[in-house]
Amino acid sequence: MPKIERIELHHIDLPLVHPFETSFGREVTRPCILVSVHAAGLTGWGECVAGDGPWYASETIGTAWHVLADYLIPALLGQEIDEPADVVARFARVRGHAMARAALENAVWDLLAQARRVPLADMIGGRQERVPVGVSVGIEPRLEILLDRVAQYVDEGYGRVKLKIKPGWDVDVVRAVREQWPDLPLQVDANSAYSLADTPLLQALDPFNLLLIEQPLHHDDIVDHARLQAQLRTPLCLDESIHSPEHARWALDIAACRVINVKVGRVGGLTAALRIHDLCAERGVPVWCGGMLETNVGRAANVALAALPNFTLPGDISASARYYHRDIAEPDFVLNDGSTLTVPTGVGLGVQVIAERLAAVRLRRSVRACS
Ligand code: NPG
């Protein structure tokens, strides 16, 4: 592969179709950084999922921009990159900043897949042509509004629903949804809103036949989750606490969870996500692909990842129309019968960024080229 000639950062902000509320806050628009890597007439794209503030994770758009511009881009610009492993090696000195690293590493994966004329899913060993997906339903001001929202998504064909929970919006909400949809595959996500003292409350979720309870305790914990899992019938799933393949191994070694949510951004890129997939497959632990309200760029990478064989639970990868009226990349992902999305068959990510759409929502741009 000829050398990397240019790398651009695009800070954008897209209005969401519906505001999205979790235990850590409410989002009305979704800001993100898109990274483009240019070499040999090709352009690879990656999405950085850090948000405006350090609410879900410690990274923000500001920290990601800084680390990309000052450390990661200089480590790649002008280099000849033949394998994603070359990128991982060049970033090895950087501690943390997983979302920043993932964005640039993923852009290189897209670039290399295009250069090899293969879809990204093929390059990483994805086998499924369609991947099972669900929808994540945020916290609403009133229960009736939530029930309407769930009904709308079920009518649209979503076969698995995730409810966001927090203290005061948990057992009663799950009971109400269960009463209306007794057989719907259902799971909940607390985004670290509880502590071990809430064990009886979390045990009260056991009778509702949930697929899993996601990240109830502290965002960096695995030890208390192991204590909690021993007292629950429902599988725990870790999200925020799993920052790397090492964290996944530590969590599985102490039985802190029975399922892992894999997010490419949270674990620092596709290479790390693949290692977590393989580790979990060896241990007989199912994984699923989490979502961060991505544009079609990040969504395409998620769909490719979810095509791997151990992604057996439906992902938080809904159709494009659930998020944005007009995405910055085409084509949109559309929900198939059976609550699946189709894995793109075009080379690389299989989606095209539309320059005018990108420019229309761009707040800031940086262009770095080698001299
Ligand atoms: O469908 O992309 C989606 C959203 C899925 O609930 C979802 N994501 O905590 O997992 C989460 C949550 C999230 C969204 C986290 C945005 C951080 C930012």
Side-chain angles (χ1 to χ4, degrees), residues 13-33 47-61 64 98-99 102-103 131-140 146 149-150 153 156 158-166 169 186-194 211-219 236-243 257 259-267 273 287-303 305-306 313-324 327 332-333 335 339 341:
D13 198 17
L14 273 177
L16 286 161
V17 169
H18 296 297
F20 189 71
E21 185 171 330
T22 63
S23 62
F24 59 83
R26 188 173 172 83
E27 301 209 47
V28 177
T29 65
R30 176 64 174 156
C32 74
I33 302 171
E47 179 161 342
C48 177
V49 293
D52 257 340
W55 321 132
Y56 166 82
S58 58
E59 285 184 271
T60 66
I61 297 226
M99 294 172 179
V131 299
V133 300
V135 64
S136 172
V137 185
I139 292 164
E140 296 289 349
L146 176 89
R149 183 80 69 222
V150 174
Y153 289 135
E156 286 174 16
Y158 287 102
R160 183 284 259 158
V161 168
K162 160 166 139 178
L163 301 175
K164 291 290 188 178
I165 58 168
K166 66 176 183 181
W169 182 267
L186 190 64
Q187 62 194 56
V188 294
D189 182 3
N191 290 111
S192 303
Y194 298 89
L211 289 169
L212 55 89
I213 300 173
E214 191 177 350
Q215 195 77 33
L217 308 181
H218 187 275
H219 61 86
L236 286 181
C237 169
L238 289 180
D239 172 15
E240 282 92 330
S241 300
I242 306 298
H243 303 285
C257 61
V259 179
I260 288 183
N261 165 336
V262 181
K263 286 180 180 162
V264 179
R266 194 196 68 231
V267 302
V287 298
W288 57 284
C289 183
M292 304 270 293
L293 308 171
E294 288 88 348
T295 73
N296 283 339
V297 168
R299 188 166 322 289
N302 287 347
V303 169
L305 180 66
L313 291 166
D316 274 349
I317 328 173
S318 307
S320 308
R322 178 249 182 276
Y323 305 95
Y324 305 109
D327 203 294
D332 275 344
F333 288 87
L335 193 68
S339 194
L341 294 186

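One-based numbering, in listed order, for ligands and for the atoms of each. Only heavy atoms go into these numbers, but all of them, side chains included; no hydrogens, no water, no symmetry mates.
- Not counting sequence neighbours, the partners of Arg160 by the salt bridge (charged side-chain N to carboxylate O under 4.0 Å, His left out) test are Asp316.
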- [ ] In sequence, state the C-alpha distance, the side-chain angles, and the governing distance for Tyr324 and Leu16, and then conclude on side chain to side chain contact (heavy atoms under 4.5 Å, CB included).
- [x] CA-CA 5 Å; Tyr324 305 109; Leu16 286 161; 3.7 Å; yes
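- By the 4.0 Å heavy-atom criterion, Thr22 is excluded from the residues contacting ligand 1.
- Under the 4.0 Å criterion applied to side-chain N and carboxylate O atoms, Lys263 and Glu294 are not assigned as salt-bridge partners.
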Open item on the list: Would Cys237 and Ile213 count as a side chain to side chain contact (heavy atoms under 4.5 Å, CB included) here? Give the steps.
Closed with: CA-CA 6 Å; Cys237 169; Ile213 300 173; over 6 Å; no
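- Judged purely by atom type and a 3.5 angstrom limit, Asn191 has no side-chain atom pairing as donor or acceptor with the backbone of Thr22.
- No N or O atom of Asn261 sits closer than 3.5 Å to an N or O atom of ligand 1.
- At a heavy-atom distance under 4.0 Å, only side-chain atoms of Asp189, from C-beta outward, approach ligand 1.
- Side-chain atoms of Arg266 and Ile242, non-hydrogen and from C-beta on, do get closer than 4.5 Å to each other.
- Residue-ligand proximity, Asp239 to ligand 1, at heavy-atom distances under 4.0 Å covers atoms 10 (O).
- Between Arg30 and Met292 the shortest side-chain heavy-atom distance falls below 4.5 Å.
- Ranking the protein heavy atoms by distance from atom 3 (C) of ligand 1 puts Tyr323 OH, 3.3 Å first.
- Of all protein heavy atoms, the one closest to atom 2 (O) of ligand 1 is Leu293 N, 2.8 Å.
- Ala103 is linked by a side chain to side chain contact (heavy atoms under 4.5 Å, CB included) to Val35, Cys48, counting only residues two or more places apart in sequence or in another chain.
- Below 4.0 Å from some heavy atom of Asp316 lie the following atoms of ligand 1, by number and element: 1 (O), 2 (O), 3 (C), 5 (C), 6 (O), 7 (C).
- Formation of a donor-acceptor pair under 3.5 Å by the Ser320 side chain with backbone atoms of Phe333 is found in this model.
- Residue Lys162 places a heavy atom under 4.0 Å from ligand 1.
- For ligand 1, the polar-atom distance check finds an N/O of Ser136 within less than 3.5 Å of one of the ligand's N/O atoms.
- Backbone and side-chain nitrogen or oxygen atoms of Arg30 are examined, and none is located within less than 3.5 angstrom of a nitrogen or oxygen of ligand 1.
- Among Gln187, Lys162, Glu214, the single residue meeting the side-chain contact (heavy atoms from CB on, under 4.5 Å) criterion with Ser136 is Lys162.
- Considering backbone and side-chain atoms together, Asn191 places an N or O closer than 3.5 Å to an N or O of ligand 1.
- Backbone and side-chain nitrogen or oxygen atoms of Lys263 are examined, and one is located within less than 3.5 angstrom of a nitrogen or oxygen of ligand 1.
- Annotation: atom 15 (C) of ligand 1 to nearest protein heavy atom, Tyr56 CD1, 3.6 Å.
- Residue Gly291 has at least one N or O atom closer than 3.5 Å to an N or O atom of ligand 1.
- Within the structure, the closest approach of Phe20 to ligand 1 falls below 4.0 Å when heavy atoms are considered.
- In terms of protein heavy atoms, atom 11 (C) of ligand 1 is closest to Lys164 NZ, 3.1 Å.
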